[in-house]
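Index from 1, following the sequence. Counting starts at 1 for both ligands and their atoms, following the listed order.
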Amino acid sequence: MPPFPRLRFAPSPTGSFHLGGLRTALFNHLLARKWGGKWLLRIEDTDQTRLVEGSVDEIRSGLEWAGLNYDEGPVVGGKYGPYFQSQRLDLYHSHTAELLKKDHAYRCFCNPAQLAEIRLRLVNNGSMAGYDRTCRTLEPEEVKHNLSLGKPHCIRLSTPDEPTPRFNDLVFGNPSPNPVPVDPIILKSDGYPTYHLANVVDDHAMEITHVLRGEEWLPSVPLHLTLYSAFGWEPPQFAHLPLLLNEDGSKMSKRTGVGAFVSEYREQGWEPETLLNWLVLAGWGGRRDPYGNQDLAKTPVYLSIDEDLIERFDLRNFTHRRSVLAPGLLAKLNRPHIHAKLSDPRERRKIVEKMLPIVKSHFPDSPNANYEFVEKALLALEHQLDKLGDFPSISGYLFQEPDYNDPAVVMAKKAVGSFDSTACLKRAQEELASLEDSQWTEPEIKRALDGIKQEVGGTKKLMSALRYALTGGKVCFSLQISAG
Ligand SMILES: Nc1ncnc2c1ncn2[C@@H]1O[C@H](COP(=O)(O)OP(=O)(O)OP(=O)(O)O)[C@@H](O)[C@H]1O
């Protein structure tokens, strides 16, 4: 374990925050906690053409909702905020100046037409290099002259003609390294750094010891090592995480559609802790996942984030295989978690307090939209909830009378059966009407209904007719009456 591990989660604000990003943030959080280190949030917003408004807020609120709190950053509104690369341009400029001074970089004045011509020539000569180093050999006088004319230019790294550097990755071992590109751009003509420069400069300046990021950056490591060496800096340790894929096998990304975004899960009312448990499950080798390879579909186990998972998380057990989240498992993990929360009075209070305004907004005129009733209703209906967000849609009949003309209610009636449910209900009504006020107790109601169940066609028919009459649907909480 390194003495003062420092990690970072570094998303780009170019679209919606997705589960692939959240999983990477979670792993940074778990490792920082496990090793007694720190992690920070760094927004990589140097590609000004791709910025999407609102993305930073989405990342911040997504992390907060998930309970992944980073340990440092500029304080905004009493809380740590992220570092923004766009606010650190001076740092990239001064470091680029240092590389220019050391002859590890040079100014390139080639315009787009010239670059296209160079590329074509290289391709025709069977070369994959993107640039032919034309400007690397410009005389200092010519550079000065171009600068005095204000000619647009970028800055390129002078890559050495040396064998590609090899490296050790904490997940991928010793991968075959991708060749370092020929003199890549590190500072663009708009004054913004490329991802590679900003990344290396910041990881060094922020004293990052472990770079944990998605596998798509594995091919860039040799270039990053070349940059570290040009600066004369020690590189951090790298750990690349196999990608999380969509069900169709594509990379989960900001351009992915439904089912990938953190905000969807939040709005649908899933428990954040369960979502993290679901995410952490993707990517382990065989028996060595933090859950001990139990069949979670049969007996879901919930591991607490800040205790169990931190203790059991181990990068060495991670595979190189990309993974897809197991469909259906989220609901299986969430149900026992809801049950556990509702069984704990403090957690239950939090849930009811959160649910009450939602219920009030759905059923503003209902006298039942109060704390005590909502609490009882949640406890009665919890076995039907995949997620708490389902509560308003399945509990409507408790807050307002069913509308029997509603097409969905009419459909439900068809499903009650072809028998004469009206006659059945009429008998039930007669029996119940004959009860004295003092007999409106569970045993007496049961007795009354038990008495007519054979006559009306059996318990199942009686119960589904009653369920329909009471709720306008097919399912509700248990209406207990002895079977047979
Ligand atoms: N599908 C994924 N699986 C695992 N990690 C991912 C995945 N997508 C992104 N990451 C990682 O999450 C972090 C933040 O990613 P970022 O915000 O740049 O998202 P992105 O989806 O890769 O971006 P883009 O959609 O612009 O390609 C990076 O370390 C990235 O490598």
Side-chain angles (χ1 to χ4, degrees), residues 6-32 39-63 66 68 70 82-86 169-172 175 193-196 198-200 202-203 206 208 210-221 223-224 236-265 275-276 278-284 313 315 318-326:
R6 288 176 58 81
L7 294 89
R8 88 294 194 276
F9 174 56
S12 44
T14 50
S16 286
F17 187 32
H18 59 83
L19 300 183
L22 182 62
R23 190 185 65 153
T24 299
L26 169 66
F27 290 176
N28 273 286
H29 175 88
L30 293 176
L31 277 188
W39 71 284
L40 52 89
L41 173 64
R42 187 171 78 214
I43 303 293
E44 305 212 325
D45 55 351
T46 55
D47 187 350
Q48 294 288 298
T49 59
R50 291 186 57 214
L51 301 187
V52 172
E53 218 188 302
S55 321
V56 175
D57 288 343
E58 210 179 310
I59 294 166
R60 291 187 65 186
S61 61
L63 290 174
L68 301 181
Y70 36 95
Y83 293 100
F84 287 88
Q85 288 191 323
S86 59
D169 185 271
L170 292 177
V171 175
F172 281 82
T194 55
Y195 167 82
H196 306 291
N199 202 269
V200 165
D202 276 342
D203 282 342
M206 295 172 177
I208 300 302
H210 291 77
V211 169
L212 219 69
R213 62 186 172 195
E215 173 204 351
E216 76 272 27
W217 296 111
L218 199 56
S220 304
V221 176
L223 168 57
H224 295 182
Q237 292 229 42
F238 294 101
H240 287 86
L241 306 167
L243 293 179
L244 201 55
L245 305 177
N246 297 305
E247 276 185 52
D248 66 1
S250 59
K251 173 185 182 275
M252 197 174 269
S253 82
K254 290 155 187 152
R255 287 163 290 277
T256 308
V258 179
F261 302 134
V262 178
S263 55
E264 292 173 65
Y265 290 85
L275 186 70
L276 296 184
W278 190 43
L279 290 178
V280 98
L281 272 160
W284 302 92
F313 189 86
L315 272 187
F318 224 68
T319 60
H320 305 178
R321 268 198 313 277
R322 298 174 176 186
S323 44
V324 177
L325 290 165

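Residues passing the side-chain hydrogen bond (donor to acceptor under 3.5 Å, both in side chains) test with His18, sequence neighbours excluded: none. Here Phe172 pairs with His320 under the ring pair (Phe, Tyr, Trp, His ring centres under 6.0 Å) rule; sequence neighbours left out. Partners of Glu44 by side chain to side chain contact (heavy atoms under 4.5 Å, CB included), not counting sequence neighbours, listed by chain and number: Ala10, Arg42, Gln85, Tyr195, Asn199.
Between the side chain of Lys251 and the backbone N or O of Gly20 there is no donor-acceptor pair closer than 3.5 Å.
Put simply, OH on Tyr83 and CG on Leu41 are 10.5 Å apart, with the number rounded to the nearest 0.5 Å.
A distance limit of 4.0 angstrom between heavy atoms and ligand 1 selects the residues Phe9, Pro11, Ser12, Thr14, His18, Gly20, Gly21, Arg23, Thr24, Arg50, Arg213, Gly214, Glu216, Trp217, Leu243, Leu244, Lys251, Met252, Ser253, Lys254, Arg255.
In summary, the aromatic rings of Phe27 and Phe9 are positioned with their centroids too far apart to meet the 6.0 Å limit.
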